[in-house]
Amino acid sequence: MPELPEVEAVRRILDRAMRGSRITRVELRRANLRRPFPAGFVNRLTGQVIEDVTRRGKYLLVRLRSGDTLLAHLGMSGSFRAASPSDEADAGSGSKARAHDHVVFELSSGTVVTFNDPRRFGVMDLVAVEGAATHDALDALGPEPLNAAFDAAVLARACAGKRVSLKVALLDQRIVAGVGNIYASEALHHARLSPRRRASTIATRAGAPRDAAVRLVTGIKAVLRKAIARKEQAYRGGRFRVYEREGQPCLRPRCPGTIRRITQAGRSTYYCPTCQR
DNA sequence: ACCTCGACCTGCAAGC
DNA sequence: TGCTTGCAGGTCGAGG
């Protein structure tokens with residue numbers, strides 16, 4: 001479950017479970033995920049105190065008092081679960097091992113945090129103290145979509161000269177960090193923009209961002225905020241406005257359109273050809 | 001420099 | 001029931 005809203009939900013769970021605790025033991029149950037674990041992974045984590053858990057795009061950052069930062073990406077199928085000692089007593093699912101558990105962190109509080117990832121597209125890495133929190137993966141990321149600094153002018157500039165479609169541009173983490181396949185479709189529907197439209201067509205004209213860029217920024221922020229709020233209440237209803245709704249009626253008021261599915265860059269895009277231009 | 005496509009993995013649902 | 005196919009919320013590198 002890995003776009004910005006899901007990663008943010010995981011971040012909150014991990015921050016509550018890990019902040020202030022010491023890592024007493026790290027168990028690697030295999031040598032790699034998408035890439036090998038970095039040299040010294042276990043040694044540099046064991047014994048360290050966790051400052052907090054933050055997020056950048058789809059990356060989770062577990063910051064240690066030593067200055068090191070553990071970087072984690074969920075890929076397509078990665079997930080974390082945290083089991084406290086009381087969970088164990090309940091004889092519930094607790095921290096019992098499951099298929100595809102690849103990394104286990106035991107904390108001084110007794111809480112056990114487990115990383116599970118069937119497809120192993122996830123990544124874990126360490127950011128060195130010297131690097132002042134720089135890492136190739138993080139350096140390449142575009143703006144955080146929910147920051148005020150991400151506005152129509154910024155998006156328009158990032159799209160300037162891009163020959164790819166708007167949908168493909170939104171998946172490019174250098175343009176905006178954290179949007180993935182679901183929320184790209186959702187944001188474009190919110191903005192009434194066709195996913196097939198060329199990204200460069202929303203770019204700046206005569207120094208001012210076009211209305212389309214304003215709508216797209218608004219759409220991105222709106223769908224991400226709403227998704228984050230929904231997770232918080234563990235409220236499962238609602239689902240999506242277009243994603244996985246092929247053949248069903250468009251939900252925009254008074255729009256008579258039907259949601260279509262097309263393939264772009266090898267991935268499914270859902271949109272309403274009637275109201276999205 | 002930009003763009004497209006396949007590769008990397010496992011699991012699940014649908015169709016025969 | 002068992003097989004095959006296609007699809008899945010993400011990158012990343014090769015090659016045009």
Side-chain angles (χ1 to χ4, degrees), chain A residues 1-11 13 29-38 55-60 71-80 97-103 115-125 135-142 145 157-190 195-201 203 220 223-228 230-231 236 238-247 259-271:
Chain A
M1 35 167 196
E3 290 185 44
L4 188 152
E6 293 76 22
V7 177
E8 178 59 20
V10 172
R11 184 200 70 75
I13 290 165
R29 307 192 52 188
R30 54 176 299 124
N32 65 295
L33 296 171
R34 183 153 56 79
R35 301 199 305 255
F37 290 95
R55 180 190 58 73
R56 177 78 174 90
K58 298 171 194 171
Y59 287 89
L60 289 160
L71 208 97
H73 194 292
L74 302 176
M76 288 278 251
S77 59
S79 64
F80 278 97
R98 301 178 193 175
H100 311 298
D101 282 351
H102 304 314
V103 190
F115 179 72
N116 183 287
D117 186 4
R119 294 177 74 177
R120 305 203 300 276
F121 288 173
V123 170
M124 282 200 196
D125 206 350
H135 185 277
D136 289 348
L138 299 183
D139 292 346
L141 294 179
R157 218 174 301 130
C159 287
K162 293 278 173 204
R163 303 178 62 81
V164 293
S165 66
L166 275 178
K167 164 69 179 334
V168 171
L170 288 182
L171 293 182
D172 185 342
Q173 301 298 296
R174 295 169 301 183
I175 290 183
V176 55
V179 176
N181 204 42
I182 293 177
Y183 297 107
S185 282
E186 296 295 314
L188 287 163
H189 182 256
H190 193 287
R196 318 167 66 136
R197 182 164 157 171
R198 203 173 267 224
S200 60
T201 66
I220 292 166
V223 300
L224 295 179
R225 281 210 194 93
K226 198 162 78 176
I228 289 171
R230 207 191 308 140
K231 308 272 171 209
R236 275 282 169 206
R239 296 293 297 160
F240 307 113
R241 307 285 289 181
V242 289
Y243 191 78
E244 288 185 330
R245 291 194 62 250
E246 181 181 21
I259 305 306
R260 283 231 299 147
R261 180 173 82 97
I262 59 172
T263 298
Q264 295 181 288
R267 331 229 12 222
S268 289
T269 300
Y270 296 84
Y271 77 113

For this session: Rounded to the nearest angstrom, tell me the gap between atom CE in A/Met76 and atom C1' in C/dT11.
Result: 10 Å
Seminar exercise, completed: By ring pair (Phe, Tyr, Trp, His ring centres under 6.0 Å), A/Phe121 pairs with (sequence neighbours left out) none
Exercise. C/dC12 phosphate, OP1 or OP2: any side-chain N/O from A/Arg34 under 4.0 angstrom?
Worked result: yes
Problem set entry | Between C/dG10 (P) and A/Ile182 (CD1): distance, integer Å | 7 Å
For this session: Could you work out the separation of B/dA7 and C/dT5 based on their P atoms and round it to a whole Å?
Result: 16 Å
Polar atom pairs (N or O), protein with nucleotides 1-7 of chain B, under 3.5 Å:
| from | atom 1 | to | atom 2 | distance (Å) |
| --- | --- | --- | --- | --- |
| B/dC3 | OP1 | A/Arg163 | N | 2.6 |

For this session: Working to the nearest 0.5 Å, report the span between CD1 of A/Ile182 and CG of A/Leu4.
Result: 12.5 Å
Exercise. Between A/Arg267 (CZ) and C/dA8 (P), how many Å, whole number?
Worked result: 8 Å
Problem set entry | A/Ser268 side chain near C/dA8 phosphate (N/O to OP1/OP2, under 4.0 Å) | yes
Exercise. Please give, in whole Å, the distance from B/dC9 P to A/His102 NE2?
Worked result: 12 Å
For this session: To the nearest 0.5 angstrom, please state how far the CD atom of A/Glu246 sits from the CZ atom of A/Arg260.
Result: 8.5 Å
Seminar exercise, completed: Here DNA chain C, pairs taken as Watson-Crick or G-U under 3.5 Å and shown with ( ), [ ] when crossing and | when to another strand, reads .|||||||.|||||||
For this session: Answer yes or no as to whether C/dT11 has its base stacked against A/Phe121, where stacking requires a ring-centre separation under 5.5 angstrom and planes under 30 degrees apart.
Result: no
Problem set entry | Where A/Leu74 and A/Pro2 come nearest, the two heavy atoms and their spacing | CB-CB, 4.1 Å
Exercise. When you look at A/Leu171 and A/Asn181, which way does the side-chain contact (heavy atoms from CB on, under 4.5 Å) test go after all the steps?
Worked result: CA-CA 7 Å; A/Leu171 293 182; A/Asn181 204 42; 4.0 Å; yes
Problem set entry | salt bridge (Lys or Arg N to Asp or Glu O under 4.0 Å) assessment of A/Arg239 paired with A/Glu244 | CA-CA 9 Å; A/Arg239 296 293 297 160; A/Glu244 288 185 330; 3.4 Å; yes
Exercise. Looking only at atom types and distance, does a side-chain atom of A/Gln264 sit under 3.5 Å from a main-chain N or O of A/Pro195, one as donor and one as acceptor?
Worked result: yes
For this session: Hey, could you give me the OH/NZ distance between A/Tyr270 and A/Lys167, rounded to the nearest 0.5 Å?
Result: 9.5 Å
Exercise. In whole Å, what is the span from the CG atom of A/Asp117 to the P atom of C/dT11?
Worked result: 13 Å
Exercise. How close or far is atom C1' of C/dG10 from atom CZ of A/Arg35, stated in whole angstroms?
Worked result: 13 Å
N/O to N/O distances under 3.5 Å, protein versus nucleotides 14-16 of chain C:
none

For this session: I would like to know whether A/Met124 and A/Phe115 meet side-chain contact (heavy atoms from CB on, under 4.5 Å); could you show each step before the answer?
Result: CA-CA 10 Å; A/Met124 282 200 196; A/Phe115 179 72; 3.5 Å; yes
Exercise. C/dT11 phosphate, OP1 or OP2: any side-chain N/O from A/Gln173 under 4.0 angstrom?
Worked result: yes
For this session: Would you give the length of the straight line joining atom OG of A/Ser165 to atom CZ of A/Arg197, rounded to the nearest 0.5 angstrom?
Result: 12.0 Å
For this session: Provide, to the nearest angstrom, the distance between the CG atom belonging to A/Leu33 and the C1' atom belonging to C/dC12.
Result: 15 Å
Show me the protein contacts with nucleotides 10-14 of chain B, counting only N or O atoms at under 3.5 Å.
| from | atom 1 | to | atom 2 | distance (Å) |
| --- | --- | --- | --- | --- |
| B/dT10 | OP1 | A/Arg120 | NH1 | 3.4 |
| B/dT10 | O3' | A/His100 | NE2 | 3.3 |
| B/dG11 | OP1 | A/His100 | NE2 | 2.6 |

Problem set entry | Distance, P atom - from B/dC9 to C/dA14, rounded to whole angstrom | 16 Å
For this session: Nearest whole angstrom, please: distance from the C1' of C/dG6 to the CD of A/Glu246.
Result: 14 Å
Exercise. Taking everything shown except A/Arg30 itself, do over 12 heavy atoms lie less than 6.0 Å from its CZ?
Worked result: yes
Exercise. How long is the gap from NE2 on A/His102 to CG on A/Leu33, to the nearest 0.5 Å?
Worked result: 6.0 Å
For this session: Indicate yes or no: at least one non-hydrogen side-chain atom of A/Leu138 is less than 4.5 angstrom from one of A/Leu141.
Result: yes
For this session: Identify, with sequence neighbours excluded, every residue that meets salt bridge (charged side-chain N to carboxylate O under 4.0 Å, His left out) alongside A/Arg245.
Result: none
